[in-house]
Amino acid sequence: MSNTSPADTARLMEQILYEVKRVVVGQDRFLERVMVALLAQGHLLVEGVPGLAKTLTVKTLAQVVQGQFRRIQFTPDLVPADLVGTRIYNQKSGEFSTALGPVFANLLLADEINRAPAKVQSALLEVMQERQVTIAGTSHRVPEPFVVMATQNPIETEGTYPLPEAQVDRFMFKVLVDYPTEEEEFVIVQRVTGAAQTVAAVATTDQLAGLQRLCREVYVDPALVQYAVKLVAATREPARAGLKDLARLLSYGASPRATISLIEGARALALLRGRSYALPEDVGDLVHDVLRHRLVLSYEALSEGLTADALIDKFMAHVPLPAKVLEHEPKAA
């Protein structure tokens, strides 16, 4: 384990969250998931109606960690070069130069991602998975850390393209953002109509990269890995797991990326909570966000008005979390 203690790490994360919450009101769970994705080097798919501070959250976070922020508004006429960049011919010198696109940032917000056609989705797919783009046969690495946060509008589906399953699977979480409470909305109105809030930069991208490395060292008990494997396997073959009645409701279950995301996410959540080891609740808290976009429901399930979250509840009830595997930091992991 590195010299940085879990308490120091938790203190730094607390400072980052404090600065962000000087601007953003409420949305605690959403903000926590953004931080987990940032630590675990994952990407985030966010579904929520307009006006819920999704852009503001990511933009403010970028300011606090002194990172580059870029926002791309996805539209049907977008082309891959608008994302990754292109080669430009200089008539005076007779040479080509490379103009890099907006994906070269630490925090990339892909607004209304489902409004762009398949070619653009494929271009984003490479940079999400490989963390590089290829322009005219030359590969260019994106800066580290790099997180894509894509948003979807659930109420206006006209003129949208369904996201390819391969791309959806590369998002670590799918987070549902809801309306604020009346008390939170009152504070929102006061802040927006009052004096502009300024945030202080309390961390650097280098510190964030260090936290990401530290995240990989968080201890995960084999019992938690076994739980994640059993739960995800049950979504693929419900009958084999003793859930024969759910088999008709699912066309496809979750891939091994779901299992990996559960464990990586649990590590990051444990670090965020000031521990150097993961507990069952760290895994359990993330199950819905990790699985909801990876389950492909059958027409029968959709006709019955069932949601992925409702099915996940059934799987979790059948595959219980292990008892507390440890209550102290292990001496030898």
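The basis for the numbers below is simple: all heavy atoms, side chains too, and nothing from hydrogens, waters or symmetry mates. Keep in mind it's a predicted model, so treat the numbers as computed, not measured.
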Handout entry: Option from K174, R292, K314 for which salt bridge (Lys or Arg N to Asp or Glu O under 4.0 Å) with D309 holds
Key = R292
When you look at [atom1] of [X], are more than 12 heavy atoms from neighbouring residues, nucleotides or ligands closer to it than 6.0 Å?
| X | atom1 | answer |
| --- | --- | --- |
| K21 | NZ | yes |
| Q190 | CD | yes |
| E14 | CD | no |
| R87 | CZ | yes |

Do you know the tightest heavy-atom contact between [X] and [Y]?
| X | Y | value |
| --- | --- | --- |
| P80 | A123 | CB-CB, 3.9 Å |
| V147 | G42 | CG1-O, 3.5 Å |
| S139 | Q132 | OG-NE2, 3.5 Å |
| V84 | V103 | CA-CG2, 3.9 Å |
| I135 | G85 | CD1-C, 4.0 Å |
| F173 | A37 | CE1-N, 4.2 Å |

Between [X] and [Y], is any pair of side-chain heavy atoms under 4.5 Å apart?
| X | Y | answer |
| --- | --- | --- |
| L297 | L249 | no |
| I113 | L45 | yes |
| F69 | Q63 | no |
| L83 | F74 | yes |

Side-chain ([X]) to main-chain ([Y]) donor-acceptor, under 3.5 angstrom:
| X | Y | result |
| --- | --- | --- |
| H43 | R170 | no |
| D282 | L279 | yes |
| Q41 | F146 | no |
| E304 | A301 | no |
| Q212 | L39 | no |
| R267 | I263 | no |
| T60 | V20 | no |
| H293 | F171 | yes |
| R275 | Y277 | yes |
| R70 | L109 | no |

Do we see a donor-acceptor contact under 3.5 Å between the side chains of [X] and [Y]?
| X | Y | answer |
| --- | --- | --- |
| D206 | T204 | no |
| N106 | T205 | no |
| E112 | Q152 | no |
| E126 | T134 | yes |

Problem - Salt-bridge criterion met for D285 and R29 (N-O under 4.0 Å) - result: no
Problem - Electrostatic pair R248-D245, nearest N-O below 4.0 angstrom - result: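 No, R248 and D245 are not salt-bridged.
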Please tell me whether [X] and [Y] are part of a single hydrophobic cluster in this structure, the criterion being side-chain heavy atoms less than 4.5 Å apart.
| X | Y | value |
| --- | --- | --- |
| L125 | V120 | no |
| V64 | L56 | yes |
| L31 | V25 | no |
| V177 | I188 | no |
| I260 | L295 | no |

Practice task
Would you please test T235 and R294 for side chain to side chain contact (heavy atoms under 4.5 Å, CB included) and show each step?
Solution key: CA-CA 10 Å; T235 67; R294 290 182 163 99; over 6 Å; no
Practice task
Would you check, one step at a time, whether the test side chain to side chain contact (heavy atoms under 4.5 Å, CB included) holds for M172 with L44?
Solution key: CA-CA 6 Å; M172 178 177 256; L44 209 61; over 6 Å; no
Rounded to the nearest 0.5 Å, how far apart are [atom1] of [X] and [atom2] of [Y]?
| X | Y | atom1 | atom2 | answer |
| --- | --- | --- | --- | --- |
| L208 | L61 | CG | CG | 8.0 Å |
| R257 | E264 | CZ | CD | 13.0 Å |
| L107 | T57 | CG | OG1 | 11.5 Å |
| L291 | L262 | CG | CG | 6.0 Å |
| D178 | F30 | CG | CZ | 13.0 Å |
| L78 | I72 | CG | CD1 | 7.0 Å |

Exercise for the section: Give the C-alpha distance, both sets of side-chain angles, the deciding distance and a yes or no for side chain to side chain contact (heavy atoms under 4.5 Å, CB included) between Y227 and V232. Expected result: CA-CA 9 Å; Y227 166 76; V232 174; over 6 Å; no
Practice task
Mind running side chain to side chain contact (heavy atoms under 4.5 Å, CB included) on L250 and V296 for me, showing each step along the way?
Solution key: CA-CA 6 Å; L250 280 170; V296 181; over 6 Å; no
